[in-house]
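Notes to accompany the following structure.
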Amino acid sequence: MVSLGHLNPEQRDAVLHQRGPLLILAGAGSGKTRVIVHRIAYLLDQGEAPQGILAVSFTNRAVREMEERVADMIKDRSIVKKLTLSTFHSLGVKILRKELQRLGYPARFTIYDPSDQLALVRRVMRENRIDETFHNAKDLLAAISQAKNLFLDPPDLNHNAHHELYNNVMVLKKTYSLYEDGLRACGAVDFDDLIRLPVKIFRAFPEALHTWSDRYRQIMVDEYQDTNRAQLLMVECLASVHKNLCVVGDDDQSIYGWRGSDVSNILNFGDQFQGTRVIMLTQNYRCSGHILTAANKVIAQNKTRYDKELWTDANPGPRIGLAVLPDEEQEARYTVEHLYELKHNEKRPWRDFAILYRTNAQSRAFEDALRQERIPYKLVGGQTFFERKEVKDTLAYLKVLYQPSDEIALRRIINYPPRSIGTTTIERLSETVREGQYNSLYQACEHVGDIEGLGTSAKNAVAEFIGQIEDFRSRVPHLSLSALTLRLLEEIRLFPYMHREYKNPNEAKSRIDNLSSLINAIEQYEKRVDSPSLDDYLERITLDTREEDDERETEKDAITLITLHGAKGLEYPVVYLVGVEDGFLPFYRQGEDPNVEEERRLCYVGITRAKQRLYILRALERRRFGRNLEREPSRFLKDIPKELTFFLQADQQRKAQSEEERDQKFKSFFSEINSLFSK
DNA sequence: TATACGATTATTTTT
DNA sequence: TAATCGTATA
């Protein structure tokens with residue numbers, strides 16, 4: 001039996017709610033995961049079948065946490081395994097693996113990450129004479145992504161309604177539809193499709209809709225404030241039979257507006273789902289009093305929000321420390337010094353500390369300072385392992401083995417390492433595809449002998465390449481994934497080429513090291529998973545960037561460097577909020593208006609990550625593109641009442657004093673010892 | 001076709 | 001500043 005004794009009355013109400021739509025407004029640190037987990041356990045207690053329970057969140061991390069905590073409560077592993085606890089995107093994959101063929105896609109599909117997407121946009125633009133000097137591929141891709149999130153197809157776009165997406169709607173329409181054709185031809189879907197295509201299938205095929213929506217009798221959605229239109233539609237579809245939809249979120253923590261998430265989903269939930277019950281969780285169990293008060297004061301300035309205020313019966317705790325440093329380097333050094341001292345004074349492990357910033361670029365100065373002091377840190381986000389060139393190249397080979405029609409991957413490797421297949425050859429081959437002679441670039445390569453206008457040496461090079469790939473394709477079923485990858489790298493002689501390619505031998509070495517880590521990671525994956533396979537692995541690494549290369553890394557005691565966005569849902573005893581300057585927080589660039597309310601929510605998220613101690617730092621000057629920029633304090637700082645804060649730098653002087661005192665004590669201690677010995 | 005160098009341009013946040 | 005891109009040259 002699940003015990004509900006240690007839940008507060010609101011939490012208990014939320015857990016006990018059984019049928020119909022439920023909106024849980026869960027403030028920061030109000031125990032929302034706890035409610036979800038208890039609710040799952042309670043539903044199981046009430047006899048709900050585990051297969052009928054679906055809980056969706058945004059990040060893999062949140063899903064893992066849910067899994068672990070559910071597993072702690074429900075001892076029976078076989079039951080836990082039958083639950084569907086998933087991110088939106090992996091749920092999308094799960095649906096598409098079963099249903100995508102209905103839309104005329106091949107049975108196999110790969111998932112394009114943003115860099116693959118951009119490569120594809122660039123290619124279709126080039127092939128269709130859309131001038132890249134007038135139309136920026138990144139902007140177009142962003143607009144396409146927004147359109148997909150809004151569940152709009154190319155024909156739905158019109159100048160009047162969708163001008164904000166992109167200034168030239170005709171060009172957007174054209175590029176979007178070419179991009180779609182391109183994806184289809186490659187046998188690929190992008191991240192946004194993982195949400196959008198299931199909805200399209202549900203709308204076009206009622207029997208598919210029925211299968212999936214009948215399956216999930218109880219649905220829970222975490223971080224509902226971050227859902228976009230397509231996600232709302234997906235949830236609506238899945239809940240359409242049983243209508244037991246429980247969403248949990250906090251409008252004050254909606255920070256993904258730029259990615260199409262729509263706060264009105266949570267603000268209007270009650271209107272969209274008839275008979276909604278609303279429960280507010282306002283008791284905060286995370287932050288000490290001063291920190292929570294500061295957070296409340298900051299967020300209260302926002303106009304569009306549910307009026308609510310978090311409270312706590314925790315002690316006020318220490319006040320919030322403020323510091324102003326001359327530049328980013330000193331900001332970093334000061335932070336590290338302060339942190340080091342605090343660790344020793346309070347005997348804290350490194351993992352108690354986190355440094356939070358607005359942009360990934362800011363991490364650099366802190367990394368340098370931490371490395372200098374040999375303090376272990378872990379950098380969350382930024383360029384991940386799997387985004388590194390050499391890793392992407394290797395994975396592109398694997399992708400081609402799995403899905404030869406993946407033209408983006410094929411183009412990436414067809415002449416890497418160089419094997420005398422130049423642009424002219426590739427363009428000639430690709431022309432035959434556009435003329436309709438072949439279905440894919442790979443197929444054209446296979447028939448290279450029949451193609452006119454190519455020299456014999458080019459033909460031989462292509463034929464030899466195809467021979468190699470086909471050879472490996474035939475070996476896929478017989479070799480383990482890691483062995484296959486290793487053999488492949490040897491066969492194409494990548495390492496010797498890299499030694500030549502990178503003049504700096506250290507760079508070559510570190511890149512080759514990365515590839516050996518990749519092999520390691522694959523081996524670990526093979527050990528960890530029940531039935532490892534090429535397609536499953538490719539799916540995991542695109543969907544879960546935290547599929548670590550070395551698991552021991554994640555276990556070690558280290559401080560965390562993380563963006564404010566990345567930190568949502570996390571908490572740390574000691575938080576340093578750095579770069580709290582206008583331009584970073586709120587973020588804006590010259591000539592652009594900041595989205596002040598969303599940026600304020602981000603600031604709120606930052607403050608509420610801190611459990612015991614919070615420090616807010618800023619610099620007066622910052623180097624940007626090689627020139628110095630004067631920085632003003634964040635406008636959000638003035639909303640934090642003075643009496644909750646103190647200046648750290650006064651502390652610095654005291655510290656100098658106390659060091660002197662310590663020196664004195666040490667000396668007298670020493671002389672005592674000496675005198676003992678001399679006796 | 002490969003390479004090397006100068007020019008150019010980008011820095012928000014992420015599944 | 002640093003990384004990426006495009007062009008010139010061998």
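Each chain gets a letter, A, B and so on, in the order the sequences are listed, and its residues count up from 1. Every heavy atom of this structure was used, including side-chain atoms; hydrogens, water molecules and symmetry mates were not. As the structure is a prediction and not an experimental result, all values here were calculated from the model.
Closest to the A/His565 side chain, of the nucleotides B/dA10, B/dT14, B/dT15, is B/dT14. With distances taken from any side-chain atom of A/Pro114 to the nucleotides B/dT15, B/dA10, C/dT1, the minimum falls on B/dT15. Considering only the side chain of A/His89, B/dT15 comes nearest among B/dA2, B/dT15, B/dA10.
Taking A/Tyr615 as the reference, A/His338, A/Tyr576 meet the ring pair (Phe, Tyr, Trp, His ring centres under 6.0 Å) condition, with sequence neighbours excluded. Contacts of A/Glu367 classified as side chain to side chain donor-acceptor pair (under 3.5 Å), with partners at least two apart in sequence or in another chain: A/Ser363, A/Tyr377. Listed by chain and residue number, A/Tyr416 satisfy the ring pair (Phe, Tyr, Trp, His ring centres under 6.0 Å) test with A/Tyr497 (two or more places apart in sequence, or in another chain). The ring pair (Phe, Tyr, Trp, His ring centres under 6.0 Å) test applied to A/Phe88 returns A/Phe58, not counting sequence neighbours.
Taking the nucleotide of DNA chain B with the nearest heavy atom to each of A/Gly422 and A/Phe587, the more 5' of the two is matched to A/Gly422. Both A/Asp192 and A/Glu599 lie near DNA chain B, and the one whose nearest nucleotide falls closer to the 5' end is A/Glu599.
The stretch residues 253-262 of chain A touches DNA chain B through A/Tyr256, A/Trp258, A/Arg259, each having a heavy atom within less than 4.0 Å of the strand.
Between A/Thr424 and B/dT1 there is a side-chain polar atom (N or O) within less than 4.0 angstrom of OP1 or OP2. Distances shown here put a side-chain N or O of A/Asn360 below 4.0 Å from the OP1 or OP2 atom of B/dT13. Remark: A/Thr563 is in phosphate contact with B/dT14, judged by side-chain N or O atoms under 4.0 Å from OP1 or OP2. Between A/Thr425 and B/dT1 there is a side-chain N or O to OP1 or OP2 distance below 4.0 Å.
Within 4.0 Å (heavy atoms only), A/Phe58 reaches sugar-phosphate atoms of the nucleic acid but no base atom. The residue A/Ser420 sits close only to the backbone: its heavy atoms come under 4.0 Å of sugar-phosphate atoms, none of a base. Nucleic acid contact class of A/Lys568 (heavy atoms, under 4.0 Å, all strands): none. Residue-level contact check: A/Asn415 touches the backbone only, with heavy atoms under 4.0 Å from sugar-phosphate atoms and none from bases.
Per the geometry, CG belonging to A/Asn149 stands 14 Å off P belonging to B/dT15, to the nearest Å. With rounding to whole Å, A/Asp327 atom CG is found 14 Å from C/dT1 atom P. As rounded to whole Å, 12 Å separates atom C1' of B/dT14 from atom CD1 of A/Ile562. As rounded to whole Å, 19 Å separates atom P of B/dT14 from atom CD1 of A/Ile541. Between the NZ atom of A/Lys148 and the P atom of B/dT15 there is a distance of 18 Å, rounded to whole Å. Atom OH in A/Tyr416 sits roughly 14 Å away from atom C1' in B/dA2 (whole-Å rounding). What separates CZ of A/Arg623 from C1' of C/dA2 is a distance of 13 Å, to the nearest Å. Between the CZ atom of A/Arg601 and the P atom of B/dT13 there is a distance of 18 Å, given to the nearest Å.
One side chain, A/Asn265 or A/Thr227, offers a donor N or O that lies under 3.5 Å from an acceptor on the other. There is a side-chain donor-acceptor pair under 3.5 Å between A/Asn514 and A/Glu390.
Comparing the C1' positions of C/dT4 and B/dT13 gives an interatomic distance of 22 Å, to the nearest angstrom.
Listed by first then second residue, pairs satisfying salt bridge (charged side-chain N to carboxylate O under 4.0 Å, His left out) with a partner in residues 187-196 of chain A read A/Lys148-A/Asp190, A/Lys148-A/Asp193, A/Asp153-A/Arg196, A/Glu180-A/Arg196, A/Asp193-A/Arg196, not counting sequence neighbours.
Ring orientation note: the planes of A/Trp258 and A/Tyr256 are tilted relative to one another, at an angle of 30° to 60°.
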